[in-house]
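These notes concern the structure reproduced below.
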There are 2 protein chains.
Amino acid sequence: MSKHSYVMIHQFNNREEGCQEECFHPDIVDRIRKEMPEEKLLEGLAQLFKVLGDNTRIRILNALYQTELCVCDLTSVLGMNQSAVSHQLRVLRDAKIVKSRKKGKNVLYSLDDSHISGLIQLGSEHVHEQ
Amino acid sequence: MSKHSYVMIHQFNNREEGCQEECFHPDIVDRIRKEMPEEKLLEGLAQLFKVLGDNTRIRILNALYQTELCVCDLTSVLGMNQSAVSHQLRVLRDAKIVKSRKKGKNVLYSLDDSHISGLIQLGSEHVHEQ
DNA sequence: TTATCATATGAGTAAACATTCATATGTAAT
DNA sequence: ATTACATATGAATGTTTACTCATATGATAA
């Protein structure tokens with residue numbers, strides 16, 4: 001028995017909490033549960049958006065969208081602490097959203113994913129409509 | 001003088017923190033700063049992604065992507081507390097990502113933005129490539 | 001009206017997170 | 001080698017946030 005159907009049956013047998021017949025539709029709930037994407041995918045999605053969902057990181061990405069930059073220049077562009085920038089770069093690197101390469105004493109960062117600019121584009125359209 | 005140029009000049013005059021000439025490129029930093037999107041837009045973007053960046057909310061959106069649902073059925077689909085679901089629905093409503101309408105004793109929720117499914121689509125592609 | 005039900009919401013709590021400070025690592029120039 | 005510099009990272013801290021519990025609101029049915 002799949003994890004999904006286990007939880008579903010659990011729901012069916014515990015109707016003291018939740019609403020009754022008029023609004024509780026086992027058939028609909030069942031169908032939707034079956035058509036939900038894999039839990040792994042949903043977690044990955046939430047994780048991706050969580051990484052994008054921070055002011056500092058969004059500004060980093062918008063800067064890198066224009067050109068490859070060293071940490072130092074990024075720090076200047078953002079006007080913030082070098083340590084804070086490095087910490088956020090690590091989060092972006094772990095999420096495979098940016099990549100880095102060494103050049104002399106410096107480390108140059110750039111975007112590592114073709115979807116990111118698309119996400120920012122689409123997201124901007126949503127924001128503009130508010 | 002714009003806020004941007006103020007911060008920029010501040011940066012130029014405080015080089016004790018940060019890196020020196022070899023990696024600090026005033027011209028590049030200046031250009032990037034000028035071409036950065038409006039701060040308002042960036043904040044809105046980060047806020048949008050932050051709202052999408054939660055496991056529960058992503059699951060709600062994937063359920064609503066299939067059909068309009070009342071809170072009660074959503075609660076069953078997700079297998080969680082009604083209060084928790086309502087709290088998250090409020091976050092999604094505030095962000096204009098879902099909308100609601102009353103029907104009898106129930107409140108039916110549905111997606112309110114054409115961009116959201118596109119964002120989920122694009123995001124999924126990124127996740128699949130990991 | 002009164003009782004019942006579906007949803008919303010405020011307060012409290014524990015966990016997650018962004019930033020700062022101090023310092024470590026690694027590279028390059030002298 | 002020694003010094004200076006660019007970046008990374010661990011620990012500490014203040015803030016944000018997701019969830020739970022209790023209860024409020026609002027609608028329907030008896």
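Chain identifiers are assigned alphabetically (A, B, ...) following the order of the sequence lines, protein sequences preceding nucleic acid strands; residue numbering begins at 1 within each chain. Predicted model, so just to flag it, every value in this text is computed and none were measured.
- Proximity of N106(A) to the phosphate of dT7(D): a side-chain N or O atom is located under 4.0 Å from OP1 or OP2.
- R93(A) contributes no side-chain N or O that, together with a main-chain N or O of V98(A), makes up a donor-acceptor pair within less than 3.5 Å.
- A donor-acceptor distance shorter than 3.5 angstrom exists from the side chain of N62(A) to the backbone of I58(A), with no hydrogens or angles considered.
- In this structure a side-chain-to-backbone donor-acceptor pair under 3.5 Å is missing from D54(B) to A46(A).
- Tracing side-chain contacts under 4.5 Å through hydrophobic residues (I, L, V, M, F, W, Y), one never reaches L108(B) starting from L92(B); they form parts of separate clusters.
- In this structure E125(A) satisfies the side chain to side chain donor-acceptor pair (under 3.5 Å) test together with H115(B), sequence neighbours excluded.
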Legend entry - Under 4.0 Å protein heavy-atom contact, by nucleotide of nucleotides 14-24 of chain D - B base, S sugar-phosphate only: ---SSSBBB--
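- Spacing between atom NZ of K102(A) and atom C1' of dT7(D) amounts to 9 Å, rounded to whole angstrom units.
- Using a 4.5 Å heavy-atom cutoff, the side chains of M36(B) and Q66(A) are in contact.
- Between the side chain of R101(A) and the main chain of V107(A), no donor-acceptor pair closer than 3.5 Å is present.
- The residues K96(B) and E129(A) are annotated as not salt-bridged, no charged nitrogen and carboxylate oxygen being separated by less than 4.0 angstrom.
- Going from atom NE2 of H25(A) over to atom P of dA6(C) covers 11 Å, rounded to whole Å.
- Atom CG in L78(A) sits roughly 15 Å away from atom P in dA18(C) (whole-Å rounding).
- dA6(D) atom P lies 5 Å from atom NZ of K105(A), rounded to whole Å.
- A heavy atom closer than 4.0 Å to some atom of DNA chain C occurs in no member of residues 59-68 of chain A.
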